[in-house]
**Student:** 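Below is one structure. I have some questions about it.
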Amino acid sequence: MELIAVITTLALIGLFLLYKHTLFTPAKSNKINIDNFHEQIETALNLPRDSEEDWQNEPATESMLQEMADRGIWLDQKLTKGQAMNILGLFTPPDGRQVDILKHFNIPYSFKMNQTMAYYLIRELFKDPAKVSEWNNRPPTTTVRQGLLFMEGKLISGMTHVDAQRRLDKLGMERPVQYREWKQIDRLFLETNNPEVRAKYQVRKITWKRFFESYDAVKATGINPRAMSGEHIIEYTLRQDDSIVAHAKIREAMQPASS
């Protein structure tokens with residue numbers, strides 16, 4: 001088991017380096033140089049797949065394969081959904097739930113990870129039943145509370161996070177269009193408060209209240225939420241209220257490290 005843990009850790013370090021590289025490489029298109037990322041893609045293909053989720057072993061869908069092709073990734077082998085998700089996850093930041101879990105357990109640099117790395121780190125964490133219990137019985141996270149407020153405009157007191165998440169999932173099944181918009185909002189809020197994005201604009205963290213004010217205004221201009229970025233939110237917010245600009249000492253601390 002210790003050997004497996006070491007191998008998995010080394011693999012995840014490789015995935016971290018890949019995502020760090022993508023953060024600082026100008027993206028003129030979605031396509032990548034497959035030669036540069038061959039090792040990381042090979043690692044993603046061979047990550048442990050002992051999941052009890054049967055869907056991971058089903059053949060990859062055409063849409064998954066097309067998304068890989070759009071990035072310049074063509075592999076001469078049949079892929080499962082799990083393998084395709086691992087590869088595509090190399091180029092996607094963690095979602096809100098993953099960031100919440102990693103922050104709860106004090107895992108550093110969660111915002112610099114990719115979805116694949118976050119998925120496997122969380123899977124390793126949750127092999128410990130005590131951590132699963134701790135996570136399930138905590139109060140609802142801010143993200144889930146905001147999701148419930150967006151979906152039905154109210155909160156029920158006394159719910160654990162698991163209860164709140166189940167309610168949010170149920171609402172998602174009942175109102176799929178509104179839920180898809182919530183998932184875009186969740187993504188946008190993380191992008192808006194990504195430390196590197198905020199360092200670029202030298203602004204403080206954007207609160208949920210201010211975020212929603214800017215989101216509604218940008219959406220009202222006709223931009224589809226799927227096409228929005230965190231920079232759209234920050235730029236609009238700056239035009240409305242430049243008090244979000246960080247003070248000199250804060251700006252200095254936020255500056256990215258020089259290479």
**Student:** Looking at every heavy atom in both Met151 and Leu171, which two are closest together, and how far apart are they?
**Tutor:** CE-O, 3.6 Å

**Student:** Is any side-chain heavy atom of Met68 closer than 4.5 Å to a side-chain heavy atom of Leu75?
**Tutor:**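 In contact.
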
**Student:** Please list, chain by chain and in numerical order, all residues satisfying side chain to side chain donor-acceptor pair (under 3.5 Å) with Gln146, sequence neighbours excluded.
**Tutor:** none

**Student:** Can you name the residues that form a ring-ring contact (aromatic ring centres under 6.0 Å, His included) with Tyr236, not counting sequence neighbours?
**Tutor:** none

**Student:** Return the minimal non-hydrogen interatomic distance between Asn86 and Thr116, and the atom names on each side.
**Tutor:**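 Minimum heavy-atom separation between Asn86 and Thr116: O-OG1, 2.5 Å.
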
**Student:** Quick check: closest heavy atoms across Arg204 and Val245, and the distance to 0.1 Å?
**Tutor:**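 So the two residues come closest at NE-O, 3.8 Å.
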
**Student:** So, the side chain of Gln98 versus the backbone of Asn114: is there a donor-acceptor pair under 3.5 Å, distance only?
**Tutor:** no

**Student:** Using 0.5 Å steps for rounding, measure from the CD atom of Glu181 to the CG atom of Asn224.
**Tutor:**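 If we round to the nearest 0.5 Å, Glu181:CD and Asn224:CG are 9.0 Å apart.
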
**Student:** Stepwise, does the salt bridge (charged side-chain N to carboxylate O under 4.0 Å, His left out) test hold for Lys209 with Glu213?
**Tutor:** CA-CA 6 Å; Lys209 182 177 184 296; Glu213 290 172 352; 2.8 Å; yes

**Student:** With side chains defined as the heavy atoms from C-beta onward, is the minimum distance between Leu155 and Leu149 less than 4.5 Å?
**Tutor:**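 In short, these two side chains touch, coming nearer than 4.5 Å.
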
**Student:** If you measure from CD1 on Ile233 to CD1 on Ile206, what distance do you get to the nearest 0.5 Å?
**Tutor:**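 Between Ile233 CD1 and Ile206 CD1, I get 9.0 Å after rounding to 0.5 Å.
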
**Student:** Does Arg138 CZ have over 12 foreign heavy atoms under 6.0 Å away?
**Tutor:**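 Yes, the 6.0 Å shell around CZ holds more than 12 heavy atoms from other groups.
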
**Student:** With rounding to the nearest 0.5 angstrom, report the CH2 to CG distance, Trp135 to Leu125.
**Tutor:**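 If I round to the nearest 0.5 Å, the distance is 10.5 Å.
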
**Student:** Going by salt bridge (Lys or Arg N to Asp or Glu O under 4.0 Å), name the residues that satisfy it together with Glu67, two or more places apart in sequence or in a different chain.
**Tutor:**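 Once residues adjacent in sequence are excluded, Glu67 has no partner under the salt bridge (Lys or Arg N to Asp or Glu O under 4.0 Å) criterion.
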
**Student:** What closest approach, in Å, do Gly230 and Leu188 show between heavy atoms, and which atom pair accounts for it?
**Tutor:**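 Taking Gly230 first and Leu188 second, the nearest heavy atoms are N-CD2, 3.8 Å.
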
**Student:** Are Glu124 and Lys127 ion-paired here, with the side-chain N under 4.0 Å from a carboxylate O?
**Tutor:** yes

**Student:** Check whether Ser133 reaches the backbone of Pro129 with its side chain - one donor and one acceptor, N or O, closer than 3.5 Å.
**Tutor:**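 Not a single qualifying donor-acceptor pair exists.
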
**Student:** Would you say the side chain of Asp186 lies within less than 4.5 Å of the side chain of Leu190, judging by non-hydrogen atoms?
**Tutor:** yes

**Student:** What are the two closest heavy atoms between Leu65 and Ala60, and how far apart are they?
**Tutor:** CD2-CB, 4.1 Å

**Student:** Can you check side-chain contact (heavy atoms from CB on, under 4.5 Å) on Glu191 and Ser229, steps first, answer last?
**Tutor:** CA-CA 7 Å; Glu191 286 184 11; Ser229 69; 3.9 Å; yes

**Student:** Check the surroundings of atom NZ in Lys81: do more than 12 heavy atoms from other residues, nucleotides or ligands lie under 6.0 Å from it?
**Tutor:**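 For Lys81, atom NZ is crowded (more than 12 foreign heavy atoms under 6.0 Å).
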
**Student:** Do Arg187 and Asp95 touch side chain to side chain, with heavy atoms closer than 4.5 Å?
**Tutor:** no

**Student:** Apply salt bridge (Lys or Arg N to Asp or Glu O under 4.0 Å) to Glu134 and list each qualifying residue two or more places apart in sequence or on a separate chain.
**Tutor:**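 Here no residue qualifies.
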
**Student:** State, yes or no, whether a side-chain contact exists between Pro59 and Lys78 at a heavy-atom distance under 4.5 Å.
**Tutor:**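 Not touching, per the 4.5 Å side-chain cut-off.
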
**Student:** Does a side-chain heavy-atom distance below 4.5 Å link Ile234 with Thr192?
**Tutor:** yes

**Student:** Look at the side-chain heavy atoms of Ile, Leu, Val, Met, Phe, Trp and Tyr, link any pair under 4.5 Å apart, and say whether Ile107 and Phe126 land in one connected group.
**Tutor:**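 Yes, because Ile107 and Phe126 connect within a single hydrophobic cluster, where side-chain heavy atoms sit under 4.5 Å apart.
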
**Student:** With a 4.5 Å limit on heavy-atom distance, are the side chains of Arg71 and Ile87 in contact?
**Tutor:** no

**Student:** Can you measure from CZ (Arg145) to CE (Met159) and round to the nearest 0.5 angstrom?
**Tutor:**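 Here the rounded value is 10.0 Å.
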
**Student:** Test Glu235 against Tyr201 for side chain to side chain donor-acceptor pair (under 3.5 Å), laying out the working first.
**Tutor:** CA-CA 8 Å; Glu235 288 172 358; Tyr201 288 91; 2.6 Å; yes

**Student:** Of all the heavy-atom pairs spanning Val99 and Pro94, show the shortest one and how long it is.
**Tutor:**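 It is CG2-CB, 3.8 Å.
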
**Student:** Evaluate the side-chain proximity of Asn193 to Arg198: yes if any heavy-atom separation is below 4.5 Å, no if none is.
**Tutor:**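 They are in side-chain contact.
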
**Student:** Mark yes or no for whether Gln115, through its side chain, and Pro93, through its backbone, hold a donor-acceptor pair below 3.5 Å.
**Tutor:** yes

**Student:** Test of understanding: clusters of I, L, V, M, F, W, Y form through side-chain heavy atoms closer than 4.5 Å, transitively. Do Ile223 and Leu238 belong to the same one?
**Tutor:** yes

**Student:** Where do Asp169 and Gln165 land on the side-chain contact (heavy atoms from CB on, under 4.5 Å) test, with the steps shown first?
**Tutor:** CA-CA 6 Å; Asp169 293 342; Gln165 184 65 61; 3.0 Å; yes

**Student:** How many angstroms lie between CH2 in Trp208 and CZ in Phe150, if you round to the nearest 0.5 Å?
**Tutor:**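 Between Trp208 CH2 and Phe150 CZ, I get 10.0 Å after rounding to 0.5 Å.
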
**Student:** Looking at residues at least two apart in the chain, or sitting in another chain, which of them share a side chain to side chain donor-acceptor pair (under 3.5 Å) with Asp100?
**Tutor:**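 Side chain to side chain donor-acceptor pair (under 3.5 Å) list for Asp100, sorted by chain: Thr141, Thr143.
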
**Student:** Could you walk me through whether Lys219 and Met228 pass side-chain contact (heavy atoms from CB on, under 4.5 Å), step by step?
**Tutor:** CA-CA 9 Å; Lys219 181 183 174 184; Met228 284 189 210; 3.6 Å; yes

**Student:** Give the ring-plane orientation class for Phe211 versus Tyr215, where under 30° counts as parallel, over 60° as perpendicular and anything between as tilted.
**Tutor:** parallel

**Student:** Output the distance between atom CD (Gln178) and atom NZ (Lys183), rounded to the nearest 0.5 Å.
**Tutor:**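 That separation rounds to 13.5 Å.
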
**Student:** Would Leu79 and Met64 satisfy side-chain contact (heavy atoms from CB on, under 4.5 Å), going step by step from the backbone distance to the final call?
**Tutor:** CA-CA 10 Å; Leu79 300 178; Met64 287 177 167; over 6 Å; no

**Student:** State which residues pass salt bridge (Lys or Arg N to Asp or Glu O under 4.0 Å) with Asp216; sequence neighbours excluded, sorted by chain then number.
**Tutor:** none

